[in-house]
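Some notes on the structure that comes next.
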Amino acid sequence: MKPRPGLPTDIEALTDVIIRTMPLDPQWDYRFPYRHEYPEDHYKFTRLLFEYFLDPAYDDWQVMVVEDSLETGCEDRRVVSFSVWDVSYRNKKRYGPGYVTQDPVTEVEKQGGRARRDANHKHFQEFWKGQIRAYKMFFGKIGPDQIHLQILATLPEFQRRGHASSLCKWGMKMVHQERLKDISVMASPMGHSLYTWLGFSLVGTFHIQVAGEEEMLTLHAMKYVPDSKVLRVVADNGQCDLM
């Protein structure tokens, strides 16, 4: 059940995981409160976003998946957990400071996402603007020496099996192997305890709120900074065995 790279053929499975899992996170209700009234829009635009994430041409992004089965020893496994990583550091190093990063969210908006009926568009826009402000405040730009964990989701019936941890450890290995400075993540209340257990530290807490409204989201900016001793070991033998 080790993570593997996501493929375009995983699109249906990933769409199912995100639609079934993300409502457990308060930010999903905040952005998509009308998804039960307009399930066709919710499915269409969620799927479209992940088509971009899985598209090999969008190589600023790396999707990793974990397959599992509820029955022990069953060979008929399916994708039950996945993570989406901003790995734009690769292209930033390759093309230099003028490189313009790929933005799947904007691409979805261009294809009708601005009019999707499942979303509260004020909340949706404030959520993304708030995250950009938080990035700048707590991390600066996501530069050529940083990897960012954008999304982490596991089907409810497959939680507490170590899948989310294994996906995070994939990113931690990348940091060590490629000698990056850190992993950043905007943690929801669901993810905060997991990241803390894995050794992430809290950088700061921020709020997302539309002016004049009482409803508000609270998120936590967190960072994983590798141990310099481990980095030296990786540099010496080219391996990393994070457990």
Side-chain angles (χ1 to χ4, degrees), residues 6 10-54 61 63 65 79-86 103-138 148-160 163-164 167 184-195 204-222:
D10 293 319
I11 182 60
E12 293 295 344
L14 262 66
T15 304
D16 178 62
V17 172
I18 202 77
I19 287 177
R20 290 180 55 197
T21 301
M22 292 307 290
L24 301 174
D25 189 327
Q27 58 92 357
W28 206 249
D29 275 335
Y30 187 77
R31 290 189 290 161
F32 307 115
Y34 313 121
R35 63 185 184 277
H36 298 300
E37 297 173 49
Y38 301 102
E40 63 278 14
D41 277 24
H42 196 57
Y43 174 83
K44 173 184 176 180
F45 291 107
T46 300
R47 189 183 193 279
L48 182 58
L49 177 63
F50 282 88
E51 286 178 355
Y52 280 107
F53 283 137
L54 289 167
W61 302 92
V63 178
V65 305
V79 173
V80 301
S81 184
F82 73 90
S83 53
V84 179
W85 299 85
D86 181 337
D103 185 359
V105 173
T106 298
E107 295 301 322
V108 171
E109 289 195 335
K110 290 178 182 177
Q111 297 195 48
R114 291 188 180 96
R116 59 188 298 176
R117 296 169 295 174
D118 59 329
N120 179 317
H121 290 278
K122 287 185 178 180
H123 287 187
F124 186 91
Q125 291 300 320
E126 187 59 32
F127 180 82
W128 286 109
K129 290 178 182 178
Q131 291 226 352
I132 292 170
R133 291 194 299 269
Y135 291 156
K136 293 179 179 178
M137 182 186 304
F138 297 116
H148 181 76
L149 177 54
Q150 185 72 24
I151 303 170
L152 179 66
T154 304
L155 285 173
E157 63 267 33
F158 289 92
Q159 292 176 6
R160 300 189 180 280
H163 298 327
L167 289 164
S184 60
V185 63
M186 300 297 186
S188 69
M190 287 177 60
H192 181 266
S193 58
L194 169 66
Y195 301 131
T205 299
F206 65 99
H207 307 289
I208 293 174
Q209 186 176 33
V210 173
E213 292 187 358
E214 293 186 4
E215 190 174 5
M216 179 175 64
L217 279 181
T218 299
L219 299 176
H220 306 286
M222 302 187 73

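Counting begins at 1 with the first residue of the sequence.
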Tell me, please, which residues at least two apart from Tyr52 pass ring-ring contact (aromatic ring centres under 6.0 Å, His included).
Tyr58

Who pairs with Tyr30 by ring-ring contact (aromatic ring centres under 6.0 Å, His included), at least two apart in sequence or on another chain?
His123

Return the set of residues passing salt bridge (charged side-chain N to carboxylate O under 4.0 Å, His left out) with Asp29 (not counting sequence neighbours), or none when no residue passes.
Arg35

Report the residues that fulfil salt bridge (charged side-chain N to carboxylate O under 4.0 Å, His left out) with Arg133, sequence neighbours left out, ordered by chain and then residue number.
Glu126

State which residues pass side-chain contact (heavy atoms from CB on, under 4.5 Å) with Leu194; sequence neighbours excluded, sorted by chain then number.
Leu152, Ala164, Ser165, Cys168, Trp197, Leu198

Quick check, are the ring centers of His148 and Tyr135 under 6.0 angstrom apart?
yes

With sequence neighbours left out, write down each residue that passes side-chain contact (heavy atoms from CB on, under 4.5 Å) with Tyr43, or none if nothing qualifies.
Glu12, Thr15, Ile19, Arg47

Across all chains, not counting sequence neighbours, the side-chain hydrogen bond (donor to acceptor under 3.5 Å, both in side chains) partners of Tyr195 are none

Please enumerate all residues that pass side-chain hydrogen bond (donor to acceptor under 3.5 Å, both in side chains) together with Glu215, with sequence neighbours excluded.
none

Partner set under side-chain hydrogen bond (donor to acceptor under 3.5 Å, both in side chains) for Asp10, not counting sequence neighbours
Arg4

Can you name the side-chain hydrogen bond (donor to acceptor under 3.5 Å, both in side chains) partners of Trp128, sequence neighbours left out?
none

Suppose we screen for side-chain contact (heavy atoms from CB on, under 4.5 Å). Which residues come up paired with Leu219, at least two apart in sequence or across chains?
Phe127, Gln131, Ser188, Phe206, Ile208

If the condition is side-chain contact (heavy atoms from CB on, under 4.5 Å), which residues does Asp41 pass it with, not counting sequence neighbours?
Tyr38, Phe45, Arg116, Arg117, Asp118

